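Read through the structure below, which is laid out as structure tokens, and then see the notes.
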There are 2 protein chains.
Amino acid sequence: MSAVQKPVIGRPPVTSRAQIEAVSFHLFATQGFEETTMEEIAAALDVGRRTLFRYFPSKNDIPWGQFDASLANFRQTLLDQPNHIPLFEAVHRAMIAFNRFDNEALPQHRQRMTLILRTPSLQAHSVLRYRQWRAVIADYVADRLNVPASSLVPRMVGQVSLAIALSVYEQWLDGDDRTLEEIFNLTDFALREYADPSKGNR
Amino acid sequence: MSAVQKPVIGRPPVTSRAQIEAVSFHLFATQGFEETTMEEIAAALDVGRRTLFRYFPSKNDIPWGQFDASLANFRQTLLDQPNHIPLFEAVHRAMIAFNRFDNEALPQHRQRMTLILRTPSLQAHSVLRYRQWRAVIADYVADRLNVPASSLVPRMVGQVSLAIALSVYEQWLDGDDRTLEEIFNLTDFALREYADPSKGNR
DNA sequence: TGTCTTTTGGCGCTCAGTGCCATTATATTA
DNA sequence: TAATATAATGGCACTGAGCGCCAAAAGACA
């Protein structure tokens with residue numbers, strides 16, 4: 001597990017993803033996402049606009065921060081689930097673990113999710129990120145069921161899990177005072193009630 | 001049920017949504033969505049670029065055609081479901097009805113959905129359309145359960161139903177030779193299996 | 001023929017995103 | 001100390017979506 005070797009030759013970077021993220025968040029929070037131009041962010045960082053696009057492929061990617069990296073954790077968390085618990089339960093637990101944050105990190109996380117889930121342009125872009133997240137689930141499910149990840153059940157579980165997570169976050173951002181974990185529990189319970197065939201005819 | 005009264009005074013339109021859609025589809029099919037500029041579409045129609053934006057708010061909206069109008073049907077289809085069948089079943093039936101197409105209309109529909117579901121820019125934009133679709137479901141569920149449409153269960157059912165529909169279309173476009181209805185049945189069955197609490201501990 | 005109404009479409013602008021490439025800042029080597 | 005290799009920088013110019021503004025066009029009707 002070697003750390004990424006940063007090159008010792010060549011001109012050193014003048015900024016970093018973290019710094020860009022911090023400055024951008026500040027601007028987004030004060031004047032809004034759509035109202036903040038890449039030009040302004042570059043100016044605030046005293047960096048060329050062109051340079052920003054080397055750190056983030058698009059403006060829409062800035063709010064996502066370390067999402068890509070945390071997907072690896074998510075994958076591992078799923079693999080860590082014991083095989084003897086039901087699939088639904090394993091996914092449920094992994095989702096909760098993935099969405100657990102320290103109390104100090106929570107306000108920041110809330111702000112990030114508000115930005116992503118309430119800004120139309122970011123909502124749209126987020127689909128492309130969610131795809132990776134769903135793929136992690138689909139891969140796990142495919143593994144457990146010994147079927148291709150592109151088959152019906154793995155994909156359906158990926159889509160449905162995302163649906164659950166989005167429902168949870170909508171509820172959370174809407175002012176529900178419960179913790180994310182509690183809302184996850186509620187939502188998964190509600191899904192089971194909703195889908196329970198024994199509750200109705202046919 | 002009065003038809004939309006088209007004004008008899010003023011300059012008559014030089015084109016129509018339907019015509020723009022037809023010409024655009026042809027261009028999208030031959031050279032791809034991203035590779036087709038609004039300029040080209042305008043030229044093909046012999047119309048000003050500016051005019052296109054009066055018929056469609058964005059390039060991304062062109063492939064959606066009559067989606068908005070068909071949402072009204074979807075709402076009605078849900079309301080037409082008998083109240084005595086379980087919620088899950090009612091939503092299931094309405095989704096199938098909403099996605100029933102004549103055999104002649106199917107190839108066109110497949111092409112449209114391929115475009116929407118496989119073009120990154122359209123995938124992203126589609127979220128904004130799905131929101132309306134989910135709202136129709138959430139409203140119906142809220143009505144049946146007598147709770148606010150913004151509460152947990154209606155929203156969760158909206159999200160999960162969308163998840164199901166997307167799974168179905170992915171499977172369909174992936175080459176599954178079954179009909180959309182058959183795949184809907186399969187997918188809903190798989191969801192019930194997945195979520196069934198009696199299948200596992202806890 | 002003139003007036004009223006509505007659509008059209010050209011013009012000019014903003015902003016995201018991209019290819020190109022000379023410049024800059026550092027470490028290493030001679 | 002000076003030359004060199006390397007990698008990041010950032011300016012420039014371009015494309016394409018989208019939008020505000022407004023004069024011109026095209027019919028209906030009096």
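Letters go in sequence order (proteins before strands), and every chain restarts at 1. Bear in mind the structure is a predicted one, so any value in this text is a computation, not a measurement.
- Neither OP1 nor OP2 of C:dT7 sits under 4.0 Å from any side-chain N or O of B:Y55.
- Using cut-offs of 30° and 60° for the angle between ring planes, the A:Y169 and A:W172 rings count as perpendicular.
- Between B:T51 and C:dT8, a side-chain N or O to OP1/OP2 separation shorter than 4.0 Å is absent.
- At a cut-off of 3.5 angstrom, the base of D:dG16 holds no donor-acceptor pair with the side chain of B:R49.
- Residue B:Q31 contributes atom CD, which lies 14 Å from atom C1' of D:dG16 at whole-angstrom precision.
- If you check every strand for non-hydrogen atoms under 4.0 Å, B:F56 touches nothing.
- Nearer the 5' end of DNA chain C, as judged by each residue's closest nucleotide, is the contact made by B:R54, out of B:R54 and A:N60.
- A:S121 comes within 4.0 angstrom of nothing in the nucleic acid, heavy atoms only.
- Rounded to a whole Å, the CG atom of A:D46 is 8 Å from the P atom of D:dG10.
- One can place CG of B:L52 at 14 Å from C1' of C:dT7, the figure rounded to the nearest angstrom.
- By the 30° and 60° cut-offs, the orientation of the rings of B:F67 relative to B:F98 is perpendicular.
- When each of D:dG18, C:dA16, C:dC20 is scored by its nearest atom to the side-chain atoms of B:F53, the top-ranked nucleotide is D:dG18.
- With 3.5 Å as the limit, one finds no donor-acceptor pair spanning the side chains of A:T77 and A:D80.
- Counting to the nearest Å, the P atom of D:dA17 and the NE2 atom of A:H125 are 19 Å from each other.
- Atom P of nucleotide C:dG17 and atom CG of A:D61 are separated by 8 Å, given to the nearest angstrom.
- Within 3.5 Å, no donor on the side chain of B:R11 pairs with an acceptor on the base of C:dG9, nor the reverse.
- With distances taken from any side-chain atom of B:R50 to the nucleotides C:dT26, C:dC11, C:dT18, the minimum falls on C:dC11.
- The CD1 atom of B:I41 sits 10 Å away from the P atom of D:dG18 (whole-angstrom rounding).
- Between the CZ atom of B:F33 and the P atom of D:dG16 there is a distance of 14 Å, rounded to whole Å.
- Atom C1' of nucleotide D:dA17 and atom NZ of A:K59 are separated by 14 Å, given to the nearest angstrom.
- Picking from C:dA16, D:dA26, D:dG20 the nucleotide with the shortest atom distance to the side chain of A:T37 gives C:dA16.
- Panel note: side chain A:R155, backbone A:A138; no donor-acceptor pair is recorded below 3.5 Å.
- The nucleotide whose nearest atom lies closest to any side-chain atom of B:I9 is, among C:dT6, C:dC20, C:dT8, C:dT6.
- Of the candidates B:N185, B:T179, B:D188, B:I96 forms a side-chain contact (heavy atoms from CB on, under 4.5 Å) with just one, namely B:N185.
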